[in-house]
Number of protein chains: 2
Amino acid sequence: MNISAASKAAGLPVKTVRYYADIGLVQAPSRSNAGYRTYDDASVRKLVFIRRSREFGFTIEECRELLGLYQDQDRTSAEVKRIATKRLEEIEEKQRELQSLHDELAHLVTSCRGDHRPDCPIIDYLG
Amino acid sequence: MNISAASKAAGLPVKTVRYYADIGLVQAPSRSNAGYRTYDDASVRKLVFIRRSREFGFTIEECRELLGLYQDQDRTSAEVKRIATKRLEEIEEKQRELQSLHDELAHLVTSCRGDHRPDCPIIDYLG
DNA sequence: TCTTGACCTTCCAGTTACTGGAGAGATTAG
DNA sequence: CTAATCTCTCCAGTAACTGGAAGGTCAAGA
């Protein structure tokens, strides 16, 4: 499988697949005579694993860690749960921040008449 | 006022204040004989304006736009409201994404026993 | 007066996770 | 055979800073 087939199968851009190989996340198993990267199903599975983990907001380094656990037959589910729980807490923290941001900004937006006059409570508040 | 006094007054790191000058967001009004940047109260007010806008998640370019409106006596509150409303919609979109992410991950975390055995629904789901 | 330490300068590099493009070689279809 | 498509490597850029090196400046104390 050449890189574009692998990238389609994994749902990732070709550039990204190459990038993941560069940073040592998922190497192409081998090269063709012409030097083309050749992928097999196992690599594609790893790429899919990474794509999904990234969609969950795990950083590349967390993906590296998860991938290590994914490939490790002896890992305990406790280790995986620890990482996922940490990530969940980060999401919850982000949600709280976003909520207070939202409320404050929504208040400003509703209190601004939004007409052609120059007085604006948003600017007054920011300045 | 030297840069460190201005940075304290504005609540921003010195590096960031210098950076904002480099990208033409807030120039230091003048330099001392020794070449030190000298800030006045007006610059500090602009820095505070930017810090608060950044805390609201406006990008640097949006800050530039808002700063233009802030300094423009002829701007209408409608222009400001337009930018703030756009930002509010982005926040709401982000909240929805984060919520579905949260629910999915929370489901996985609760379904994982988190013991010393290797079977783990989180890994099963991601892989 | 000298020195010490805090403060200031510029410039370069690194961060995160890619993305775009140039220039060149390989492969495939018609 | 040629044109289109694919692939390669390498370089540079994104956003918004942050860290550090090397060196100039300033104020206070011995």
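Atom set for the values below is all heavy atoms of this structure, side chains included, hydrogens, waters and symmetry mates excluded. Protein chains get the first letters and strands the later ones, always in sequence-line order, with residue 1 at the start of each.
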Q. Heavy atoms, side chains only, cut-off 4.5 Å: are B:Phe49 and B:Val26 in contact?
A. no
Q) So do B:Gln95 and B:Gln99 actually touch side chain to side chain, heavy atoms under 4.5 Å? A) no
Q | Sequence-distant partners of A:Glu89, salt bridge (charged side-chain N to carboxylate O under 4.0 Å, His left out), two or more places apart | A | none
**Q.** Contact list for DNA chain C against residues 10-24 of chain B - heavy-atom distance below 4.0 Å
**A.** B:Lys15, B:Arg18
Q | 5' to 3' contact window, DNA chain D with chain B (heavy-atom distance under 4.0 Å) | A | D:dA16 to D:dC26
Q: Only counting residues at least two apart or in another chain, list the ones meeting salt bridge (charged side-chain N to carboxylate O under 4.0 Å, His left out) with A:Lys15.
A: none
**Q.** N/O donor-acceptor pair under 3.5 Å between A:Arg51 side chain and A:Leu12 backbone
**A.** no
(Q) For A:Ser4 versus A:Val14, what's the shortest heavy-atom pair and its separation? (A) CA-CG2, 4.0 Å
Q: Residues of residues 29-40 of chain A with any non-hydrogen atom less than 4.0 angstrom from an atom of DNA chain D: list those, numerically ordered, please.
A: A:Arg31, A:Gly35, A:Tyr36, A:Arg37
Q: Taking the side chain as every heavy atom from C-beta outward, state whether B:Arg45 and B:Val48 have any atom pair closer than 4.5 Å.
A: no
Q.
Could you tell me if the side chain of B:Ile83 sits less than 4.5 Å from the side chain of B:Glu79, heavy atoms only?
A. no
Q: For residues A:Ile91 and A:Arg87, determine if any side-chain heavy atom of one lies less than 4.5 Å from a side-chain heavy atom of the other.
A: yes
Q) How does DNA chain D look in dot-bracket notation if pairs are Watson-Crick or G-U with both distances under 3.5 Å, crossing ones as [ ], other-strand ones as |? A) ||||||||||||||||||||||||||||||
(Q) Tell me every residue that passes salt bridge (charged side-chain N to carboxylate O under 4.0 Å, His left out) with B:Lys8, counting only those two or more places apart in sequence or in another chain. (A) none
**Q.** Nucleotide interval of DNA chain C bounded by contacts with chain B (heavy-atom cut-off, under 4.0 Å)
**A.** C:dC7 to C:dC11
(Q) Can you confirm whether B:Phe58 sits close enough to B:Ile50 that some side-chain heavy atom of one is under 4.5 Å from a side-chain heavy atom of the other? (A) no
Q | Flag side-chain contact, heavy atom, 4.5 Å: B:Leu88 against B:Glu92 | A | yes
Q. Does A:Glu55 pair with A:Arg52 as a salt bridge, N-O distance under 4.0 Å?
A. no
**Q.** side-chain hydrogen bond (donor to acceptor under 3.5 Å, both in side chains) partners of residues 26-43 of chain B, not counting sequence neighbours, each pair once
**A.** B:Asp40-B:Ser43
Q. Which residues pass the salt bridge (charged side-chain N to carboxylate O under 4.0 Å, His left out) test with B:Arg64, sequence neighbours left out?
A. B:Glu61
Q. Which residues in residues 1-8 of chain B have at least one heavy atom lying under 4.0 Å from any atom of DNA chain C?
A. B:Asn2, B:Ile3, B:Ser4
Q: Output all residues satisfying side-chain contact (heavy atoms from CB on, under 4.5 Å) with B:Ala78, sequence neighbours left out; order by chain, then residue number.
A: B:Thr76
Q. Does the side chain of B:Cys63 reach to within under 4.5 Å of the side chain of B:Arg54, using non-hydrogen atoms?
A. yes
